[in-house]
Amino acid sequence: MKKWMLIDGNSITYRAFFAMPPLTNSSGMQTNAIYGFTTMLLKLIEEQKPTHILVAFDAGKTNFRHEQFTEYKAGRQKTPPELSQQFPLLKELIEAFGIAQYEIDGYEADDIIGTLTAKADEQQIETVVISGDKDMLQLASPKVTIAVTRKGVSEVELYSPETIQEKYGLEPKQIIDLKGLMGDTSDNIPGVPGVGEKTALKLLHQFPTVEEVLSNLDAQKGKLKENLTTHQEAAIMSKQLATIFREVPIELTEDQMIYSGYDSAKLAEQLQKLEFKSLLERLDVSAGSSSSEEEAKQALAALTIYNITEQGSEGLAQLVTALKQQQMHGLYVETIGENPHLATFEGIAIALGEEVFVISPAMLKQQELVPVVEWLADEEIKKYGYDLHKVELVLNWHGIQLGGGYFDVQLAAYLLDPTDGNQLLHTIAERNGIYGLPSDDEVYGKGAKLKLPAEPELFQHLAVKASVVQQLVPKLNKQLEDTRMAALYYDLEGPLSRILAQMEKRGIKVERTELEQQGVELEASLKRLTTEIYEQAGMEFKISSPKQLGEVLFEKLGLPAKKKTKTGYSTDAEVLEELAPYHPIVKNILDYRQLAKLQSTYIEGLLKEVREETGHIHTYYRQTIAATGRLSSQFPNLQNIPIRLEEGRKIRKAFIPSEPGWSIVAADYSQIELRVLAHISGDERLKEAFIHNQDIHTKTAMDVFGVSAEEVDSNMRRSAKAVNFGIVYGISDFGLSQNLGITRKEASQFIEQYFNVFRGVRKYMDDIIAEAKKNGYIVTLLDRRRYVPDIHASNFNIRSFAERIAMNTPIQGSAADIIKLAMVKMNAELEQRKLQSRMLLQVHDELVFEVPPHELELMKELVPQVMADAIKLDVPLVADVSYGDSWYEAK
DNA sequence: AAGCTCACG
DNA sequence: ACGTACGTGAGCTTA
């Protein structure tokens, strides 16, 4: 059965714009109205199941109504540019949905819809009209239902002639009379003064039309009669204006309105452009109807898969031949387990066009597969794969080498948008218009339910992944070029991933006995503290439970609660520090917390990670996590080993060279972030300070407080240091006031004074925010990019956060670029000079090496030199070096 | 699985 | 008036 769905495009878009939060895509373009329209559209299509759809739009600035009444729609707020910008994209999207749209000069969307519903009535076609405007109710009929949006656009209320009768006691066509009497402020239709909905309804219940009301004026009295009498013309005209014109010369056939599902390739393209990720996923899931999506899936399903699981498997010879010809390929190696040092290796898939070869781990050990193993290891053959950093490690642990330059689709996807989740292959694929790859969660299950399927199904999945990788390579490569990040990829991140794998595989030697001994001492202290705390509290409780601790401190002992968290009292160190003078228990709790942290995270935590056989700890650096371009470290995290407090710092005594007589050499950049800021802001004063290698916090204090070096006391220096931190983080008066324990006003004055002196820095902060607004993203020295869509947010907090990100990311990110460069250069030096020294760790601004005695003198020079020369800035870079028998001694 | 707390740069 | 400093990972408790 036929069913038409007619949508008032302008009305719905307008509603959606005001109802939806101000979503933007990464280039800063607002897309909320389109999003609202689309979700509503999808919902209605599902609910109403129309066979024909038309979206009607207003066209032309004026129409016949303006001729009748020049003030028509006058005084209406001009359409905000944020909304009008959205129309062209919306129209493209509707097109991609395969939905007809129509507009004709001189008429509004209502008139087009009115004309079509007249036809629907005539031909007895079931029709639903979608609008945000109740004027449309006049079109209701036995066949025509009107859906009016409510609560923004998420729900609609359906009106039939019956419901209109129930609600208003009117026939549909009397809606015109209603408008004639009461007017409509939004369209600037005057109506009769003093007549609102209540009065108008009362009048129409007496007399069915405006005309009849007016010819029976004697039935009214008082002010109402007077108003009706003097505004007869206005009432008539208002009625005319509210009347939908139902004879528009529409040149559109019914067949053009047929809706037969969307073209998913086109739709995906549009949705990507708009960055509607949730819709992309949703449409994929709810697919089945769409032809080209099916095609894409079928293409993946149609791959020829060769399972190489036993000797003499079909396809092996073909694979070997193809590999020798160095054909373009897609490599996918399946590993299970988050920690690559412990992960299992489940299979290798190599896609070569339409053919995919899947090899079981057992088979890889067979003689016949030697050519494949050699191919994997060949440093001359570039590999195209997914998460090759992890793959290299996993394969290494399983005795297989992975060599060659990499093109890694995960790493590429990270550079293209570092804030976009964990870069799963199936999401990268969908974002790039490749459908049909189920997620690992779907195929393997997750959490406790994780279970690999049997071989045919598993291998099918791996084959599809390898094929997807192959398809993604050219797409991502092009995007890297388009975004000017190709060099960042090929010269920095790509080579770095190999270096990281080496560092991780090597690990760092840790002396168990040192940790164990410290653990025994900590245990004793913790025991003593526990007893004392229980005594002071007068009860036993879980000290490490913030909830129970809060009850003890703030209820039982009656200490003044200061901060609150979402769930109750805050008991963090800041609160406890303040509470310490009130009760001796507080100091004990602080001590307990400190020691408990050392014990559980650093003593017990690290001991669990020391390899029995080698006494080494192998961390894993993640290269695709941090939004700024930094590395992060996991299993265990070796980038947060204590240093600030002596008790914790002792942990570093356990980190030692792996060979007797060798040294640990550590070098760290001095003030790299402020030096980067001096360079990119070009601030003369800041540059001067670094060129003369002055103590930057003292210098800042001198300039901000206007005093000489001798006059800077420790308090002034402390304040200046906090201001410098604040500047790097994207300054806010609130943050600074918190940090320094001063009022916001004082903090604000500090900042103002700072900016008055460091004018170039102020200009940088202003410029970078402007740049973020203009481009939708900001870049680091090496063109690493981060999108900041929230820079356009109307919510102060969200926008401010985005501004701080815009200020901080080029600084933190450029510093990350620089040390990564230093790592690549350092690695090259070690190789060229054939040194035995090894790079072990990176801690954001520090590199740690183990060095044989005969290279110590050289490395003490070389490391800081390479670090300082990693990049040429307008200010010198300085790296300080130290060494010793452990990481603790290298200070 | 989420929230709190705390270790680092 | 709004309520936060930027970037991470891990352990513990509790829902």
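The structure displayed is predicted, hence computed values, not measured ones. Lettering of chains follows the sequences in order, A, B, ..., and the numbering in each one begins at 1.
Using a cutoff of 4.0 Å between basic side-chain nitrogens and carboxylate oxygens, K563(A) and D572(A) are scored as salt-bridged. One finds a salt bridge joining D817(A) and R784(A) here, because a Lys/Arg side-chain nitrogen approaches an Asp/Glu carboxylate oxygen to under 4.0 Å. Of the charged side-chain nitrogens involved, at least one lies within less than 4.0 Å of a carboxylate oxygen, so that E493(A) and K820(A) count as a salt-bridged pair. Ion pairing between a basic and an acidic side chain is recognised when a charged N comes within 4.0 Å of a carboxylate O; R652(A) and E889(A) show no such pairing. Under a 4.0 Å N-O distance rule, the pair E646(A)/K650(A) qualifies as a salt bridge.
Here the nucleotide nearest the side chain of D845(A), chosen from dC6(B), dG9(B), dG11(C), is dG9(B). Minimum atom distance to the side chain of Q634(A) is reached by dG9(C), of the listed dG9(C), dT5(B), dG9(B). With dA7(B), dA10(C), dT8(C) as the choices, the nucleotide that has an atom nearest any side-chain atom of P642(A) turns out to be dA7(B). Nearest to the side chain of T565(A), among dA10(C), dT5(B), dG11(C), sits dT5(B).
Using a 4.0 Å heavy-atom cutoff across all strands shown, R644(A) reaches at least one base atom of the nucleic acid. Among the atoms of the strands shown, none is found under 4.0 Å from any heavy atom of A596(A). Residue contacts shown for A816(A) are absent, as no nucleic acid heavy atom lies under 4.0 Å away. Within 4.0 Å (heavy atoms only), S570(A) reaches sugar-phosphate atoms of the nucleic acid but no base atom. Counting non-hydrogen atoms under 4.0 angstrom, I811(A) reaches nothing in the nucleic acid. Nucleic acid contact for F796(A): base, since at least one base atom lies under 4.0 Å from a heavy atom of the residue. As judged by a 4.0 angstrom heavy-atom cut-off over every strand, S800(A) is placed among residues making no nucleic acid contact. If you check every strand for non-hydrogen atoms under 4.0 Å, I805(A) touches sugar and phosphate atoms only.
In this model, a side-chain donor or acceptor of R804(A) finds a partner on the base of dT4(C) within 3.5 Å. Judged by distance alone with a 3.5 Å cut-off, a donor-acceptor contact links the side chain of Q812(A) to the base of dC6(C).
Contact annotation: R649(A) side-chain N/O to dC8(B) OP1/OP2 distance is not under 4.0 Å. Put simply, T601(A) has no side-chain N or O that comes within less than 4.0 Å of OP1 or OP2 on dG9(C). Between S632(A) and dG9(C) there is a side-chain polar atom (N or O) within less than 4.0 angstrom of OP1 or OP2. In this model, the phosphate group of dT8(C) is not approached by any side-chain N or O of R622(A) to a distance below 4.0 Å at OP1 or OP2.
As a whole-Å value, the separation of Y620(A) OH from dA10(C) P is 12 Å. Put simply, CD on E846(A) is 22 Å from P on dG7(C), counting in whole angstrom units. To the nearest angstrom, C1' of dG3(B) lies 18 Å from OH of Y569(A). Counting to the nearest Å, the C1' atom of dG7(C) and the OH atom of Y621(A) are 16 Å from each other. The CG atom of N640(A) sits 8 Å away from the P atom of dA10(C) (whole-angstrom rounding). Rounded to a whole Å, the CD atom of E574(A) is 17 Å from the C1' atom of dA7(B). Put simply, CD on Q842(A) is 10 Å from C1' on dG9(B), counting in whole angstrom units. Regarding K566(A), its NZ atom lies at a distance of 14 Å from the C1' atom of dG3(C), rounded to whole Å.
For the side chain to side chain contact (heavy atoms under 4.5 Å, CB included) with F690(A), the lone residue among L873(A), L677(A), V875(A), V878(A) that qualifies is V875(A). R630(A) pairs in a side chain to side chain contact (heavy atoms under 4.5 Å, CB included) with only one of the listed residues (Q812(A), Q623(A), Q842(A)), which is Q812(A).
Taking the ring axis of F734(A) as reference, the NZ or CZ atom of R744(A) does not stay both within 45° of it and closer than 6.0 Å to the ring centre. For the pair K891(A) and Y888(A), the cation-pi criterion (under 6.0 Å, within 45° of the ring axis) is fulfilled.
When the P atom is used for both dA5(C) and dG3(B), the distance is 16 Å, rounded to whole Å. If you take atom P in dG3(C) and the same atom in dC8(B), they sit 31 Å apart, rounded to whole Å. Taking atom C1' on both nucleotides, dC2(C) is separated from dA7(B) by 32 Å, rounded to a whole Å.
Checked against a 6.0 Å centroid threshold, the rings of Y489(A) and Y414(A) do not count as neighbours. Checked against a 6.0 Å centroid threshold, the rings of H389(A) and Y620(A) count as neighbours.
In this structure, the side chains of L576(A) and R593(A) come closer than 4.5 Å at one or more pairs of heavy atoms. Residues F849(A) and L841(A) form no side-chain contact, since every pair of their non-hydrogen atoms from C-beta on lies 4.5 Å or further apart.
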What N/O pairs connect the protein and nucleotides 13-15 of chain C at under 3.5 Å? Give each pair on its own line.
from: dT13(C); atom 1: OP1; to: S544(A); atom 2: OG; distance (Å): 3.3
from: dT13(C); atom 1: O3'; to: S545(A); atom 2: OG; distance (Å): 3.2
from: dT14(C); atom 1: OP1; to: S545(A); atom 2: OG; distance (Å): 2.6
from: dT14(C); atom 1: OP1; to: Q548(A); atom 2: NE2; distance (Å): 3.1

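Using cut-offs of 30° and 60° on the angle between ring planes, the pair W887(A) and F655(A) is perpendicular.
A heavy-atom distance below 4.0 Å to DNA chain C is reached by these residues of residues 725-757 of chain A, ordered by number: G726(A), Y729(A), S732(A), F734(A), G735(A), L736(A), N739(A), R744(A).
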Dot-bracket, 5' to 3', for DNA chain C please: Watson-Crick or G-U pairs under 3.5 Å, [ ] where pairs cross earlier ones, | where the partner sits on another strand, dots elsewhere. .....|||||||||.
